[in-house]
Amino acid sequence: MLSAVSRNPTNFPVTSHLRFAASRLNWRLLYSAAPPIDTLATTLRPFPEYSPKRPTIQDAELVQNLTTTLKQRRSDPLRRVLSPFLPRLRPQHLIWAFSHLRSHPALALSLLHCYRRRARHVPLEAQAIAAHLALASGRVGAARQFLRQGLTSHRDFVEQVIYTFRHWSSDPFVFDLLFRIAVELGRLDDARSLFDRLTFFGVIISVDSCNAFLSHLAIDAVLKTFVELPLRGVRWNAASYNIVIRALCRAGKLGEAREFLLKMESEGGILPDVISYSTIIDGYCQAGDLPTAYELFDEMRTRGLKPNEFTFNSIISLLCHSDMAAKAEMVLLEMLNQGVAPDSAVYTTLISGFCKNGNISAVYRFVDDMKSRGLAPDAATYTALICGFCRCGMIVEAERLFDEMLRKGLNPDEFTYTAMVDGYCKNGRMHDAFRLHDEMLKNGLSPNVVTYTALTDGLCKHGDVEAANELLHEICGKGLELNVCTFNSLINGLCKSGNLEQALKTMSDMEAAGLSPDAFTYTTLMDAYCKSGDITRAHCLLSEMLDRKINPTIVTFNVLMNGFCIAGMLEDGKRLLEWMLEKKIMPNAATYNSLLKHYGMEKNMKVVTEIYRGMCARRVMPDESTYNILILGHCKARNMKEACYFHSELTARGFSLRADTYNALIEGLCRKKRFVEARRLFEEMQDAGFLADKKIYDLFIDLSYNEGNFELTLEFCDEAIEKHLIGTKADES
DNA sequence: TTAGGGTTAG
């Protein structure tokens, strides 16, 4: 052994079985070649000598008896065989015993196991030796465990592994494992120190482990390390380049990522692969840049690389997030045409996209489709479905899916629970939301900032801003960091409860905490000013956000539009709409609804019709509010023909009437003596759980009385009394 | 150790 060490430039005890193991397992541990830098080569030093203490005659006898007993053991239980020795064993006996058991590593580890059970503690040196022995007997899992325990239990463990290496080890792979475990534990500085320390002994960590290290670093450290490690002998591979590309994309440095893709080939001599292109395509998709994503898609094909399900999914995801779910489905067909089979991730993206769209029938179609391809919905698919159903108010269906998941043995994770918690919050079921929060804790899951934001928002919308504030203080005390969404929820709650001053203070707190307000923050505050009639301050906030380079969204403009309308500045509202169209800012139904509503309230149906036609001409789809506004306006202007036309349109599109629209429509029909239709709508309104106005009851009471139907008259009277309406009438008379 | 899907705010 020693002669082998002296012949080896790095002083490793190289044995033939080690070389065999390294090649068999494809461990690219570069230990025999000198590092590329001369200066480094001159500083190479041997591993430290290991000199175990010499045992006394009694100790030697004890160890001899112990190890002989172990070797001769056949079927007797180990604990019984060892029981006479264990009470007398000290840590040093363990290490002497290891010396006797070098060719029986399994027995050495069993001895260690029994010792640990009794002493509940293993000395650091024995722990390091155990890792070497475990690796020698091919037990990589056990070696990992020893190294992990050692690393987490003592700062000097690395030194022990180095110190014991020369005498006990036959395998430098132990350092690769140690390095990897340090990375897994997030101890990146320790990992780097280990790397540097090992280079002095001529050990170079494998490129695979260096990649693991690289993938955990922040962008600046990635770039620095990518330059430094080759100077220490690491030769990067395609995965390394892909990790750098991913890091650049995540840092938003897409141009640099693209340059790096070129460098990969020109300077690294490594051809970009499907992963390189998929990574960079996803980067552009995340940034919403579809044209460049498609350009790279074509480029990869030109280079003979076939886009796979990952590549397609990034494109599908961007389309879904840009409200182009139908186009996303066309991409699915395209991938099928090209012989690329979609996997459950692709289906989950589509399901999530169509859920956001409210297209539940398409969602069911995708679920059937994926099942027919033998793809079982996984936790992410279920979460997308649960979230989608919750958004559509289908909480019972969401609960059914949550139970189904459990029955199928799929464990709901933080994402699933949070989707369900949010669903309950949005449906005002705060008690159920907190019940699930407690259930998460009971199941060992940690509610995260998203979970708490959902709860905060629920409490605020439930009118309990105080409780929301307390909850946030509590979670901050537990070390959870709030994000912009959390603050925005609270700011919104404060605004809606009329505490604008506190809302502004919360914005300052948020900045003090290092979080910049975004378009949501400004839009929320602008809305509060608009609703309080202070359009000037709303305008000031708009200027402030533009100065801070925060882009307004369509909601920002809608808030402003609504502000103009509330303030009776309808002409300014119309001018804002024209300005938006000029600037190619596409209005949506909500933009038009504000104008339609307020012109309708003024019974100016000529302008309402003009605006509505403009909306249709620009292919902006009217929503439920649009139809309700149009019906209400036409009823008030006594245009029952138009009102009934829009009512039939609303029904055909599956929308519902609101209470005020029902009242206006029923009143209008009665005025036109269309009592049968009025009566039918009145019943429909009650079935929908709405309370009719006192005026409507008066109309039906008078109507039935004049018809001589006293029974019905009394029925209406009873109902009106029950709804506490008669008292108001008496007060009036 | 390298690529894609599911949770929060106006």
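Chain identifiers are assigned alphabetically (A, B, ...) following the order of the sequence lines, protein sequences preceding nucleic acid strands; residue numbering begins at 1 within each chain.
- Under the 3.5 Å distance criterion, with hydrogens and angles disregarded, a donor-acceptor pair is assigned to the side chains of A:T381 and A:D378.
- Between A:E295 and A:R258 there is a salt bridge, since at least one side-chain N of the basic residue sits less than 4.0 Å from a carboxylate O of the acidic one.
- Aromatic ring orientation, A:F260 versus A:F226: perpendicular (interplanar angle above 60°, classes split at 30° and 60°).
- As judged by a 4.0 angstrom heavy-atom cut-off over every strand, A:V421 is placed among residues making no nucleic acid contact.
- Look at A:D298 and A:R303 and you find no salt bridge, because none of the NZ, NE, NH1 or NH2 atoms lies under 4.0 Å from a carboxylate O.
- Residue contacts shown for A:T279 are limited to sugar-phosphate atoms, with no base heavy atom under 4.0 Å away.
- For the residue pair A:T279 / A:R246, no side-chain donor-acceptor distance below 3.5 Å is found, with atom types taken as modelled.
- Looking at heavy-atom distances under 4.0 Å, A:N558 makes no contact with the nucleic acid at all.
- In this structure, A:S276 reaches neither bases nor backbone, as no heavy-atom distance under 4.0 Å exists between it and the strands shown.
- Residue contacts for A:T521: at a heavy-atom cut-off of 4.0 Å it reaches no nucleic acid atom on any strand shown.
- For A:Y417 and A:F402, the gap between ring centers is short of 6.0 Å.
- Contact annotation for A:T416: base contact, defined as any heavy-atom pair under 4.0 Å involving a base atom.
- Within 4.0 Å (heavy atoms only), A:T349 reaches sugar-phosphate atoms of the nucleic acid but no base atom.
- Between A:K224 and A:E228, at least one side-chain N (NZ, or NE/NH1/NH2) sits under 4.0 Å from a carboxylate O, which counts as a salt bridge.
- In this structure, A:D273 reaches neither bases nor backbone, as no heavy-atom distance under 4.0 Å exists between it and the strands shown.
- Inspection of the A:T383 and A:T416 side chains reveals an N or O donor paired with an N or O acceptor under 3.5 Å.
- Residues of residues 451-461 of chain A that place a heavy atom closer than 4.0 Å to DNA chain B, in numerical order, are A:T453, A:D457, A:K461.
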Between A:D323 and A:N357, is the side chain to side chain donor-acceptor pair (under 3.5 Å) condition met? List the steps.
CA-CA 7 Å; A:D323 279 334; A:N357 223 10; over 6 Å; no

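- Looking at heavy-atom distances under 4.0 Å, A:T486 makes no contact with the nucleic acid at all.
- Along DNA chain B, the stretch of nucleotides lying under 4.0 Å from any heavy atom of chain A spans, 5' to 3', B:dT1 to B:dG10.
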